[in-house]
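Since this is a predicted model, take the numbers as computed values, not measurements. Each chain gets a letter, A, B and so on, in the order the sequences are listed, and its residues count up from 1.
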Amino acid sequence: MVRVRYAPSPTGTLHIGGARTALFNYLVARHFDGQFVLRVEDTDQSRQIPGSEQAMMHGLKSLGIEWDEGPDRNDGPYGPYRVSERLGQHRAMADRLLAEHKAYRCFCTPEQLAQDRENRAAQGLPPRYSGRCRTLTTQEVQARSGERFVVRLKVPSEGETVVHDLIRGDVRFDNRVFDDFVIMKPDYTPVYNFAVAIDDYDMRISHVIRGEEHLSNTPKQIFVFEALGLPIPQFAHLPMILAPDRSKVSKRHGATAVEEYRDQGILLPALANYLLLLGWSSPNGEEILTLSEAIATFTLDRVQHTAAIYDQKKLEWMNHQYMTRLSVHEIAQSVRPFIDYPLTEGPDFEAVVDLSRERAVNLVQLAEHMRFFYEAPSRYESKGVAKHFTDQTADLLDAVAKRLKTVTPWDHDHLVQVYDDTAAALNVKRAALIHPTRLAVTGRTVGPGLFELITLLGRDAVVERINTAQNLIRRHQIPTVD
RNA sequence: GACCCCAUGGUCUAGAGGCCUAGGACAUCACCCUUUCAAGGUGGUAACCCGGGUUCGAAUCCCGGUGGGGUCACCA
């Protein structure tokens, strides 16, 4: 039975790196008909940020990632799913290790430790615990029972520890590089490397799939499993996601949280698809995959070993793919929050969305492109004004408007006819009519095809806007923008 | 610094010794289409980090170098 988990610490929102890790875990679980558990790593209460657990879960859900067991439903068979609520088990294990002399109390003060480190640094040695308290006798420990202490695990001083990594193969570590690390803090709460091992075992996690930054710490967790006589899960360390400058992604690189991407108008399914491609490729080279397609084809052996640099441009391209492929209804729902103008009067909303979506790379842009359908332009693009709003065009617009007033029915083909006829009558090219009309009606020089656009906008609005523009042109009082 | 991981165009990647004069996607450039802009179509520029091996043959295997990343907490 495949059981995987995503174990974030509740210290902020869902980061793209975490989202990718969660996604891969989710895909493995679903692919193998296993379970995906969500566990909140809140070992250190002091570093928690209120509300981040909710934010994180919301982020996951919006990406389409669902878990079978987690802190929101603490009724799973292996709960609780908040590490802070599993303290009893951690303490019991620490007690056991102490009783079996596989761990020991360390009374060294932070000051002493700092001093040790300095001394070693002076000699050019790596910072490692001296083992001062390892050999304390039972009597000595008894005698100091009132003192502040931590618990350290006895780590083998020779031999090697091998991490069998599903992605990288066997990774060997010389045990001499590890010291007796702390497993319980002075308040008798566990340190991460101790708690994860116990929790992963307790939750019967079969595959630990996480970011590469955890690879170096894996031997420590293996020491815990071994000391406790527990089976060791399979490991798979995912390559990291880096910023364009090859550094870790951080706020200074723009959006990093899935929530921010959503605010930028990125569709979450597009984000998920993009993240899927960061470190994984489908066997047939397909890049646009639905979640269920990904579940069907995803396997860890196709995961890349190299860190990936995320590329905003490709994300936008991916987003555009989803803008045009998703149903109009879905896009309409998604774009609503970005609209800051009243929709009370104007054409059918979904029709407008459908006509405009192909030209926008994100929802913010889409909302902006749709604006003129609901608000008459108050300013006109200066570039277009110089080109299309001349004294002569006022007359052209006048001629067009006259015919538009009476044409029936008001549909695409008849409107084309109006422009063709007018152009012929005035002996100008059709384009000489089209461009000024677009500018008069939308205020812009770019947009959907003119005939589709005015068909949708309707006779009254079109004629009115053309008249407005005409007057402005004649009075040479054209408000411009850009 | 020590240890660990990694190394194909600007970016994401395909490639598991001959199928590679290295394929796809994004980006970029040009052209076509066209009422504009997108989209679309066609074509172009652009990569196997370096050096040694192994082999008849290496992007693919081995070693070394270089470069990048990660980890070394009483953080997670």
Side-chain angles (χ1 to χ4, degrees), chain A residues 7-11 41-44 46-48 83 106 108-110 113 117 121 124-129 148-152 163 165 167-169 171-174 176-179 181-187 189 191-193 195-196 211-220 237 239-240 242 244 246-248 274 277-288 301-302 304-318 320 324 356-361 365 369 384 387-388 416 419 429-435 437-439 442 444-451 453:
Chain A
S9 63
T11 51
E41 212 68 40
D42 59 348
T43 314
D44 187 344
S46 63
R47 295 181 76 239
Q48 285 181 57
V83 175
C106 170
C108 297
T109 62
L113 263 17
R117 249 186 293 259
L125 294 169
R128 264 201 278 286
Y129 177 60
R148 193 194 97 113
F149 70 90
V150 297
V151 178
R152 288 181 185 271
V163 177
D165 192 279
I167 294 172
R168 284 149 218 284
V171 182
R172 329 186 85 88
F173 294 83
D174 188 328
R176 283 173 299 192
V177 310
F178 300 98
D179 61 1
F181 60 94
V182 173
I183 56 174
M184 294 296 273
K185 303 179 206 177
D187 61 357
T189 60
V191 144
Y192 173 77
N193 283 312
V196 247
E212 196 193 318
E213 66 269 26
H214 290 281
L215 181 54
S216 298
N217 280 323
T218 306
K220 293 185 183 177
H237 289 93
M240 306 205 40
L242 267 26
R246 304 200 62 80
S247 70
K248 246 177 165 171
Y274 176 69
L277 262 29
L278 242 36
W280 182 81
S281 59
S282 72
N284 61 8
E286 203 63 57
E287 297 208 315
I288 310 287
D301 58 287
R302 291 194 65 82
Q304 190 76 5
H305 297 186
T306 323
I309 295 171
Y310 87 91
D311 179 17
Q312 182 74 17
K313 280 277 177 38
K314 185 147 186 178
L315 206 212
E316 279 170 6
W317 168 80
M318 182 68 77
H320 181 258
T324 54
S356 310
R357 60 170 162 169
E358 190 173 284
R359 268 160 270 258
V361 295
Q365 215 176 74
H369 288 179
K387 226 168 166 180
H388 307 300
V416 172
Y419 276 76
K429 284 191 190 164
R430 198 170 72 170
L433 268 27
I434 289 174
H435 294 299
T437 306
R438 175 189 300 286
L439 189 60
T442 71
R444 313 197 48 176
T445 57
V446 300
L450 183 75
F451 303 112
L453 185 168

(request) Quick one: list whatever passes side-chain contact (heavy atoms from CB on, under 4.5 Å) with P127(A), sequence neighbours left out. (result)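 In terms of side-chain contact (heavy atoms from CB on, under 4.5 Å), with neighbours along the sequence ignored, P127(A) is linked to R117(A).
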Across all strands shown, which nucleotide pairs with [N] by Watson-Crick or G-U wobble geometry, both distances under 3.5 Å?
| N | result |
| --- | --- |
| rA59(B) | none |
| rG17(B) | none |
| rC72(B) | rG1(B) |
| rG40(B) | rC32(B) |
| rC26(B) | rG10(B) |
| rU45(B) | none |

Can you tell me which nucleotide in [options] comes closest to the side chain of [X]?
| X | options | value |
| --- | --- | --- |
| R148(A) | rC5(B), rC12(B), rC74(B) | rC74(B) |
| R117(A) | rA39(B), rA73(B), rC72(B) | rA73(B) |
| P110(A) | rG69(B), rC74(B), rC75(B) | rC74(B) |
| F173(A) | rC3(B), rC72(B), rC37(B) | rC3(B) |
| I309(A) | rA27(B), rC12(B), rC5(B) | rC12(B) |
| V446(A) | rU35(B), rC37(B), rU13(B) | rC37(B) |
| S216(A) | rU71(B), rA7(B), rU11(B) | rU71(B) |
| K313(A) | rA27(B), rC12(B), rC75(B) | rA27(B) |
| H305(A) | rC6(B), rU13(B), rG10(B) | rC6(B) |
| D311(A) | rG10(B), rA39(B), rA76(B) | rG10(B) |

Taking atom [atom1] in both [N] and [M], compute the distance separating them and give it to the nearest angstrom.
| N | M | atom1 | result |
| --- | --- | --- | --- |
| rU13(B) | rC56(B) | P | 36 Å |
| rU55(B) | rC63(B) | C1' | 16 Å |
| rG23(B) | rA46(B) | C1' | 14 Å |
| rC33(B) | rC48(B) | C1' | 37 Å |
| rA47(B) | rG10(B) | P | 7 Å |
| rA59(B) | rA2(B) | C1' | 32 Å |
| rU34(B) | rC29(B) | P | 23 Å |

To the nearest Å, give me how far apart [atom1] ([X]) and [atom2] ([N]) are.
| X | N | atom1 | atom2 | result |
| --- | --- | --- | --- | --- |
| F451(A) | rU34(B) | CZ | P | 14 Å |
| K248(A) | rA76(B) | NZ | C1' | 11 Å |
| F178(A) | rC3(B) | CZ | P | 12 Å |
| F181(A) | rU71(B) | CZ | P | 17 Å |
| E287(A) | rU11(B) | CD | P | 16 Å |
| L125(A) | rC72(B) | CG | C1' | 14 Å |

At under 4.0 Å between heavy atoms, what does [X] touch on the DNA or RNA strands: base, sugar-phosphate, or nothing?
| X | result |
| --- | --- |
| E213(A) | sugar-phosphate |
| V150(A) | base |
| H214(A) | base |
| E316(A) | nothing |
| G285(A) | nothing |
| R438(A) | base |
| R172(A) | sugar-phosphate |
| T109(A) | base |
| E41(A) | sugar-phosphate |
| G384(A) | nothing |
| R302(A) | sugar-phosphate |
| K429(A) | nothing |
| L433(A) | nothing |
| T306(A) | sugar-phosphate |

(message) Just so I know, are the side chains of C106(A) and M184(A) near enough to count as touching, which here means a heavy-atom distance under 4.5 Å?
(response)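 Counting from C-beta outward, C106(A) and M184(A) never come under 4.5 Å.
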(message) Is any side-chain heavy atom of P239(A) closer than 4.5 Å to one of H305(A)?
(response)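 No, their side chains stay 4.5 Å or more apart.
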(request) Decide side-chain contact (heavy atoms from CB on, under 4.5 Å) for H237(A) and V171(A); before the verdict, give the C-alpha distance in whole Å, the side-chain angles of both, and the deciding distance to 0.1 Å. (result) CA-CA 11 Å; H237(A) 289 93; V171(A) 182; over 6 Å; no
For [N], take OP1 and OP2 only and decide whether either is under 4.0 Å from a side-chain N or O of [X].
| X | N | answer |
| --- | --- | --- |
| R430(A) | rU35(B) | yes |
| K387(A) | rU36(B) | no |
| K220(A) | rC4(B) | no |
| S281(A) | rA14(B) | yes |
| Q304(A) | rA14(B) | yes |

(message) Within 45 degrees of the ring normal and closer than 6.0 Å to the centroid, is that where the cationic atom of R152(A) sits relative to Y129(A)?
(response)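 The answer is yes; both the distance and angle limits are met.
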(request) Run the ring-centre check on Y419(A) versus F451(A) and record whether the distance is less than 6.0 Å. (result)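 Ring-ring flag for Y419(A)/F451(A): true, centres closer than 6.0 Å.
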(message) I need the minimum non-hydrogen distance between A195(A) and V83(A), along with the two atoms involved.
(response)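 For A195(A) versus V83(A), the nearest heavy atoms are CB-CG1, 4.2 Å.
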(request) Indicate yes or no: does R176(A) engage D174(A) in a salt bridge with an N to O separation below 4.0 Å. (result)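 Yes.
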(message) Any carboxylate oxygen within less than 4.0 angstrom of a Lys/Arg side-chain nitrogen, looking at K248(A) and E213(A)?
(response)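 Result for this pair is no, no salt bridge flagged.
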(request) Identify, between P448(A) and C108(A), the residue whose nearest nucleotide on RNA chain B lies closer to the 5' end. (result)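 Its nucleotide being nearer the 5' end, the pick is P448(A).
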(message) Judged by each residue's nearest nucleotide on RNA chain B, which is more toward the 5′ side, N193(A) or K314(A)?
(response)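 The residue closer to the strand's 5' end, by nearest nucleotide, is K314(A).
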(message) Is it the case that rC5(B) (base atoms only) and R168(A) (side chain only) share a donor and an acceptor within less than 3.5 Å, ignoring hydrogens and angles?
(response)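 Counting by modelled atom types and ignoring angles, no donor-acceptor contact under 3.5 Å is found here.
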(message) Does either side chain, that of R357(A) or that of T324(A), offer a donor lying less than 3.5 Å from an acceptor on the other one?
(response)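 No.
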